Amino acid sequence: MNRRRPTLLAALALTAAAALTLSACGSDDDSSGDNDKIAGADTSSEPSASPSESAPAEADRPKIELPTDVTYKFEWDKTGDPVKDAVLHDAEQRIRAVDMAIAEQDSLHDAYRFYSEGEAAAGSEKYIQDFVDHKARTTGLTRYYRESVSVKGDGTASLVYCEDQSKSFNKFLDTGKTDVTGVTKDSYVIYAGTLRKNSKGVWVTERLNSERGSSKCQP
């Protein structure tokens, strides 16, 4: 399991996206190299406007408000396919929503639960609670890149992407101290998720697997 836990596991710093990979995933933080089960993330792409600029309007979506020191760089290209772009948009919002829940110290925050269900939501809750227990939150810049999305005929979609955690860290609320850790190959993580469009028209994440240190995500 990937986990960004303050203090003892600070060297394994993750962004909030990893919240969905706790008990829900079968990955191992000690793994390295390529994972044959996670494919399709080795196609690089140039950054473009974020899919959030063309947000789907079907549902009454929660407003995502984050501390000014929590920032992102989504290098996810618009595909030109409205369904695929909606998948990318809602995956991005899930990432932001988990960080907001951490910042507000609420492990049952409505925002991340809006964008995740089942195993993914349960994993997020446990992950956020770790931050609450340690009175900590995320800070810094996180980059997302090399995405690959496909939509299936059964109403589900798969999404593979890379995450660069080299500039994101843990910040402790009582002291204001940021635990800055060094950059290693494990600062780069590959994710493979399954999403499903619900009755509100939202692509919710149901499962998310990850592998730290994958060669497919190295700079």
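All values derive from a computational prediction rather than experimental measurement.
S158 is linked by a side-chain hydrogen bond (donor to acceptor under 3.5 Å, both in side chains) to S150, counting only residues two or more places apart in sequence or in another chain. Shown here are the side-chain hydrogen bond (donor to acceptor under 3.5 Å, both in side chains) partners of T71, two or more places apart in sequence or in another chain: there are none. Under the rule for a side-chain hydrogen bond (donor to acceptor under 3.5 Å, both in side chains), the partners of T79 that lie at least two apart in sequence or sit in another chain are D85.
At a cut-off of 3.5 Å, with distance as the only test, a side-chain donor of Y115 or R61 sits close to an acceptor on the other residue. Donor-acceptor pairing under 3.5 Å is recorded for the side chains of D99 and Y72.
Using a 4.5 Å heavy-atom threshold, the side chains of K167 and T142 count as separate. Using a 4.5 Å cut-off on side-chain heavy atoms (C-beta onward), L108 and R113 make contact. Looking at heavy atoms from C-beta onward, F172 lies out of side-chain contact with T139 at the 4.5 angstrom threshold. Annotation: side chain of I64 is not in contact with side chain of Y112 (no heavy-atom distance under 4.5 Å). Residues H134 and N170 fail the side-chain proximity criterion, which asks for heavy atoms closer than 4.5 Å.
A donor-acceptor distance shorter than 3.5 angstrom exists from the side chain of Q218 to the backbone of S214, with no hydrogens or angles considered. Distance alone, capped at 3.5 Å, is enough to place a donor-acceptor pair between the T175 side chain and the K177 backbone. Between the T184 side chain and the D186 main chain, a donor and an acceptor come within less than 3.5 Å of each other. Side-chain N or O atoms of Y145 include one that pairs as donor or acceptor with a backbone N or O of C217 at under 3.5 Å. Remark: the backbone N or O of D106 is not paired with any side-chain donor or acceptor of Q129 at under 3.5 angstrom. A donor-acceptor pair is defined here as one N or O able to donate and one able to accept, closer than 3.5 Å; no such pair exists between the side chain of T156 and the backbone of K152. No donor-acceptor pair closer than 3.5 Å links the side chain of R94 to the backbone N or O of S116. A donor-acceptor pair under 3.5 Å links the side-chain atoms of E147 to the main chain of D77, judged by distance alone. Although no hydrogens or angles enter the test, the distance criterion places a donor-acceptor pair under 3.5 Å between the side chain of S124 and the main chain of A120.
One finds the CD atom of Q105 at 9.0 Å from the NZ atom of K135 (value rounded to the nearest 0.5 Å). With values rounded to the nearest 0.5 angstrom, E104 atom CD is found 3.5 Å from H109 atom NE2. Here CG of L159 is found 6.5 Å from OH of Y161. Values are rounded to the nearest 0.5 Å. Taking CD from E206 and CZ from R196, the interatomic distance works out to 4.5 Å, rounded to the nearest 0.5 Å. Atom CD1 in I190 sits 13.5 Å away from atom CZ in R212 (nearest 0.5 Å). Between the OH atom in Y191 and the SG atom in C162 there is a gap of 10.0 Å [rounded to 0.5 Å].
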Exercise. Carefully, step by step, assess R146 and V160 under the rule side chain to side chain contact (heavy atoms under 4.5 Å, CB included).
Key: CA-CA 8 Å; R146 294 179 189 167; V160 178; over 6 Å; no
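In this structure, F74 and Y144 have parallel ring planes: the angle between them is below the 30° cut-off, well short of the 60° mark.
Between D69 and K171 there is a salt bridge, since at least one side-chain N of the basic residue sits less than 4.0 Å from a carboxylate O of the acidic one.
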